[in-house]
Amino acid sequence: MTDLDDLIERAIDPSSVKPEGTLTNPPSFGVYAIEDDSDGSTHYRFGNHPVRMHELEDKFGAAELEYLFLSREDAAAMTALLNRPES
């Protein structure tokens, strides 16, 4: 199993967390897809869910939640893997 597969298995269903103020309970960290209109590529960002999603929507016009994690480290690792250039 690859690192990517391991991370996908640790992703959680967004319905498993509840909004509490501006964050969620338990705290969760999203990985978000951002379309680059200039070349059609997709880039990924992560952060506290849903605050980071709203920041990205404000900055880029849209952001789609791809994965949700209970661990910030897992979200960062998934983002790094997804942003890796293809060889």
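In what follows, every heavy atom counts, from backbone to side chain, and hydrogens, waters and symmetry copies are set aside.
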Audit row: Ile12, Val17, side chain to side chain contact (heavy atoms under 4.5 Å, CB included) steps and yes/no: CA-CA 9 Å; Ile12 63 169; Val17 296; 3.8 Å; yes
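Of all the heavy atoms in Asn83 and Arg45, the pair that sits closest is ND2-NH1, 4.5 Å.
Residues Leu82 and Ile8 share a hydrophobic cluster, clusters being chains of Ile/Leu/Val/Met/Phe/Trp/Tyr side chains in contact below 4.5 Å.
In this structure, Asp36 CG and His43 NE2 are separated by 4.5 Å, a value rounded to the nearest 0.5 Å. Atoms CE and CG, on Met78 and Leu81 in that order, are 7.0 Å from each other to the nearest 0.5 Å. Interatomic distance, CG of Asn48 versus CD of Glu55, reported as 8.5 Å (0.5 Å rounding). Once rounded to the nearest 0.5 Å, the distance linking CZ of Arg52 with CZ of Phe46 reads 8.5 Å. A distance of 14.5 Å separates OH in Tyr32 from OH in Tyr44, rounded to the nearest 0.5 Å.
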Distance-only criterion, 3.5 Å: show the donor-acceptor pairs between side-chain atoms of residues 59-71 and protein atoms not counting sequence neighbours.
| residue | atom | partner | partner atom | Å |
| --- | --- | --- | --- | --- |
| Ser71 | OG | Glu73 | N | 3.2 |
| Ser71 | OG | Glu73 | OE1 | 3.1 |
| Ser71 | OG | Asp74 | N | 3.1 |

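With Thr79 contributing its side chain and Ala75 its backbone, the two residues share a donor-acceptor pair below 3.5 Å.
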